[in-house]
Each structure stands twice: as C-alpha cells, then as structure tokens.
Asks: 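Following this message is one structure expressed as structure tokens.
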Amino acid sequence: MLSVLDALNGQLLAAMERAFPELTDPDPQLVPASKPEFGDFQANGALPLAKPLRQAPRQIAAAIVAQLGADSGFAELCEPPQIAGPGFINLTLRPDCLTAQVAARLGDPRLGVARAVEEAGGGSPAPVVVDFSSPNIAKEMHVGHLRSTIIGDCLARVLEFRGHPVLRLNHVGDWGTQFGMLITHLKQVAPEALEHPDAVDLGDLVAFYRQAKARFDEDEAFQSASREEVVKLQRGDPDSLKAWRLLCDQSRREFQKIYDRLDIHLDERGESFYNPYLQTVVDDLRDAGLLVVDDGAGCVFLEGMTGKDGNPLPLIVQKRDGGFNYATTDLAAIRYRFAPAPQGDGAGRVIYVTDAGQASHFAAVFQVARRAGWIPGSASVEHVSFGLVQGEDGKKLKTRAGDTVRLRDLLDEAVERAEADLRRRLEEEGRQEDDAFIAQVATTVGLAAVKYADLSTNRSTNYQFSFDRMLALTGNTAPYLLYAVVRIAGIARKGGDLAVCSGSVALGSGSASSASLRFSEPQEWALIRELLRLDAVIVEVETELLPNRLCNYLFELSQVFNRFYDQVPVLRAEEPARASRLALCGLTADTLKLGLGLLGIPTLERM
RNA sequence: GGGGUUGUAGCUCAGCCGGAUAGAGCGGCGGUUUCCUAAACCGUAGGUCGUGGGUUCGAGUCCCGCCAGCCCCGCCA
C-alpha cells in the first residue's frame, strides 16, 4: 500500500502549503495509525507547528483538513479525516479503495511488491554483496554460525526479491596462521592426511586442529615452524598448496551438507582469494600516507578510537614477521568488492553478517577503507551484527559436556523433536499417515522452527535458544504460521477448486475482478488491511536489514487470519461473499508463502 | 582504565523519524467445538520501561550521570 501512502503524503503536503504558505518546509509526518480505532494512517504534522505558527494545534489541523476537502483525489481515497487528541489527523481509507487494492494483488505474482530498480527508474543496478555464514576450514560448523547463515540468507532473499543483483559470499576461513599450525602438525603426526583425499574425516581434522592449537600456544619451536609454513603457503609453495587444498575439500563437503539441508546457496570466496591483493593493500596504504610502522608492525592509527592511555588505537595490517592478518584480508576484500568490474565486484552496498563482538574490528576496517578512498561516496557498507545464542541458563549455548554445539546435531535434534511431537499428535487424533509424510512434515517443521526462532527476535540482542519454545504450536513460532497455511489448503481441498482463490489463476487484469468482490464483515476488513501491509514491510526489511520485522508481520497476519477463519464462514457462505472470501484466503496463503519463502522456510499442505 | 552493547509484565520478546491510555506470546485464571484441521478463537489478571537528572507541546525512544549483565581493546578470525 506504499503507493497509496505516497499519494496521501503528497496531498497532505499540498494541503499544508495551501493552508500555511509561510511555512518553508512542512512535513505531514504521515505514519500508519498507532491503533486500529484511529483508522489507517495518522498525520502528526500539525503538532510541531503550534509554536512557529502561534496557533492551537487542533486549529492548525482543522485548517489542513479544510484544504484536504478541496482535493478530489483525496476524497477518492479517504473518508473525511478526523481530528483527534491534541491535534492528530486520522485518516481512514474508503472501502472501495481497499477493495481495489486487493483486486490488484489477486493476479500479481509479486503481490504488489515493486522492484527497487523500477522505483529508481531503470538503469543497471549495482550489486549488493551479502557476506555471511563464513565457517572456518578444519572446524565443524557450530551454533555460532547459525545466526550468520540464517540471517544472511534471509537478507539475501529479500534483496533478490526486490530486484537487486546479490552476491552471496561465503568468506570462509581458509587462510592464515591456523593452516600453518595444522599443516605443521599433520606433517609430523599424520602425513597421509596431506597426501590423499579422504585419509581423515572432518572429525579427525577438528581433533588435529585442537592439538595443533595447544602446541602452538606452548611450544615456541612449533610456533616458528608454523609461521614459516604460513609464509610458504602464502608464497605458493606447491606442496603446501596441495596439502591446503585437501584440507579445504574435506571441510567443504561437510559444510555443503548443512547448506543443502537448510536450502542455502552461497558462493565460496574465502580469505585465500584475497592473498594476491594483500601486499598492494599495504603498499597503497603506505602511499596514501596512512601506514605507520610501530614496534615493527605496519599500523594505521584510527581516528576517534583510543586505547588505555588515550592514544589512538592501531589497526595492524602487517605483522612484525612480515605476514598479513585478518585486517589485511578484510581490507583487501572491501576494496575488491567496491572496485569497478572487472577488477572487482562494483558493489553499491556491502553487508557483513557477523556477531556483534566484531563491531569494533569492522568499524576500524571501514574507517581505514574509507580514508584510503576505497569506498565510493554513493556506496554503503554495513555491519549487520547479531548477539550470542544463549542456552536457557542465559549463558553461551553449550552441550552438557561443555562443548560448543555442532550445527548438524542441533538440526537433527530439532527434526527428531518435531517428529516425536507429530507422532504423539497423530496417535491422539487416530490419524494414519505414512512414513514419508511424517518425515517430510518433521523435517520441514523442525528446520523451520530453528530458522524462525532465530529470525523472529531482533538480531541485535542475544537470544535464548529453546527447542520447547521454538517448536511450540502456539505463539510466535514457525508451526503456528505453517498451520495457518495448512488451514487455507484445507479450505481449498474441501472447496475443490484451489484455482478460485489462488493468485496464480488467470483472473485477467486484476481490475476486472474488483467489481465482483464484496466484503462486509469486520474480520474481512481487518484481514484486508493486514494483507496490504506486505510491500511496506518488505521495503523496511530491505532498508533496516531486520528480518524480525517480517516475522512479526507474518505472525500478525496469521493471527488476523485465524480470527477471520474462526468467525467468518467461507465455504458455507452465499455468493458473492463466498468467492470474495475464497479470494482473501488465497491472497493470505500467497502472502504467507511469499513471506515464509523470504525467511527461507517452505510451507506444507497438511501437517 | 577505554570503547561498544543490552536492561520493558512471572518467563521469552516487540516497540519504526520522539506522538494518543506501553504491546504480543507463553505461563496463570475463566470461557467457546453438530460447522472449512480446537495445532484455533474469546475474555481476564499482570508494568515506577534498571536508576537519577536534562531537552520539549509530547520521552520506553534523544542528551548527561550512575547501577547491573555481556562483548571488544597490537600482531587469532
């Protein structure tokens, strides 16, 4: 309904200018109404004018409303405005306006959501880079990667739906000191792992990594051997490279299993990709006069970030031993992503989905990149940070043994619990279903629950992980939303003709069906108003990068639909109410499917 | 010590550019089923928005101080 909002905003602005020509920059402050009884929208713009105009705010509101009355375009959209409280102008859309909006969405596969490119007026849009997931080679994916993977995928889906070319980049940890450690250790204890594929599995690799790390922390000789090994690798020594490739392949296969389960697509472009650019990054920083050698290390001192003694903090880009670190890699990456093709991605927006603990690191990297001139003025770079996944004790999530939780185990448990729940319910209801059905429902519900639980809280705060809560059939959970879709599918089955209420049907050019739609019940209007919010919500997620706004919307839509379902008969209604209500059901199902799809959650016909 | 972040109902969380009487779910209590899946719906109780100031027509929201939790702070990512 953004187009209606735009139109109203323009009309209000014009009315304010006519009522008070002396105002230089009036703002209607048109926003969605804070409560349903206030109508659809409220304009708060009269209130702040009280002082400059030296008039009572209600009087100002009345003058604006009087001017609106002279606008025939406004009268087509809205009922006569109401002035309320200290001077709010409340607007309620006319029923025929709402009906026309519904009709326009019935034949539209995008459900009224415009493409950002069309809004911008064409031209080939710059890609958006979404950097997410980013597990480390030779380590298991654990619960810490869950949020980045799920949030990043959702944001990528929303941006893609809005028509942006999106680069989903998996910045895997496939480079750096840890490989020096691991290769040095394996050469001594398991050289076959560096020669033959499949000589060790990921579990072994993880154990070897732990041993290597322990030796690195204690044994100085091992430490320097590891450092030498890193240098060899970074120089491109063939034996080192071969060993490294084997290790990466081994890990990559395991990661892919997780991504396949979650239906998440990523282009791998690990840290190693930027190896050829590291030296030039440092050289260019030196040429730009930003590099300072301090205590043997190449540093850029940061503006506005000070340490213990009040001195500026450094960002170290070259270690004393001449090696590069993750800051160097991140700088090379940011430069490459913004650099015009073919030497770079030519991105207009780069989004990093990592935990909040890295906030100061990214602030530093962004600052240095900006000062080096690597971020175009028209482009934006954002750190989409998120909080910790905590256990129900409020501490960082761990297994009973105190280890970090492996992602595959976590997903397995969610599916197992969903299956146990389903079997219990089938038994209670005396329903007979085959194993294929049970497996499909349990998998969908279990994985949806994990994703939805993560996406539905505001990402900036820590969130408490609880299988019981996320799998609950009531409340703001995936099963509740999935059930709403199932209820509609049930109506379609009983009604026999899914086509009647499906948006995919040839209803002609939407406007043709507008005349046949008849709505009368308050629950119908409530559902319509909710359905029409979709485009605004998606644009908000695109801008704010907050998936929980979309979750919240889908939950509210489901609630409104369940009220409608409970109180308004559909199949038993007389025409034309029956067809109109079927159309609302179809639009609700399409909206839920689209929204859940953007969250990376598939829907079910029965559950 | 410096920086960041969080603090809202018993529990888990929303709260958009500062807008009307601070919202939801769970849990509690009380109801609703000849009817499209009751995995639902309706009603009800529950709040000093950590705390003290400030800014203004108006503050959960912005600014300052304090308290508490978590995270980061030179060669790991």
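Just so it is clear, the model here is predicted, and its values are computed rather than measured. Every chain is numbered from 1, with letters handed out A, B, ... down the list of sequences.
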Asks: For the side chain of A/N562 and the base of B/A38, is some donor closer than 3.5 Å to an acceptor across the two?
Replies: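 When only heavy-atom distances are counted, A/N562 does not reach the base of B/A38 through any donor-acceptor pair under 3.5 Å.
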Asks: What about A/Q42, does its side chain sit under 3.5 Å from the base of B/A20 through a donor-acceptor pair?
Replies: yes
Asks: Ring-on-base stacking between A/F88 and B/G19, under 5.5 Å between centres and under 30° between planes: is it there?
Replies: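 No, A/F88 does not stack on the base of B/G19.
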Asks: Given that both distances must come in under 3.5 Å, which nucleotide forms a Watson-Crick or G-U wobble pair with B/U12?
Replies: B/A24
Asks: To the side chain of A/T461, which of B/U12, B/C75, B/U6 is closest?
Replies: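 Nucleotide nearest to A/T461's side chain: B/U6.
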Asks: I'd like to check A/R581 versus A/P569 (side-chain heavy atoms, cut-off strictly below 4.5 Å). Are they in contact?
Replies: yes
Asks: Check whether any side-chain N or O of A/R469 sits under 4.0 Å from OP1 or OP2 of B/C13, and answer yes or no.
Replies: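 No.
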Asks: Return no unless some side-chain N or O of A/N476 is found under 4.0 Å from OP1 or OP2 of B/A24.
Replies: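 No.
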Asks: Verify whether the ring centers belonging to A/Y452 and A/Y480 lie closer than 6.0 Å.
Replies: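 Ring-ring flag for A/Y452/A/Y480: false, centres at least 6.0 Å apart.
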Asks: Using whole Å, what does the distance between atom P of nucleotide B/U6 and atom NZ of A/K396 come to?
Replies: 19 Å
Asks: When we call it a touch if two heavy atoms are under 4.0 Å apart, what does A/A84 touch: a base, just sugar-phosphate, or nothing?
Replies: base
Asks: At 4.0 Å (heavy atoms only), tell me whether A/V172 reaches a base, stays on the sugar-phosphate, or touches nothing.
Replies: nothing
Asks: Whole angstroms only, please: what is the CZ-P distance between A/F301 and B/C75?
Replies: 13 Å
Asks: Check whether A/F561 forms a cation-pi arrangement with A/R487 (NZ or CZ under 6.0 Å from the six-membered ring centre, at most 45° off the ring normal).
Replies: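 A/R487 over A/F561 ring: no.
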Asks: Rounding to an integer number of Å, can you tell me how far A/F362 CZ sits from B/C72 C1'?
Replies: 13 Å
Asks: Within this structure, what is the CD1-to-C1' distance between A/I316 and B/A77, rounded to whole angstrom?
Replies: 14 Å
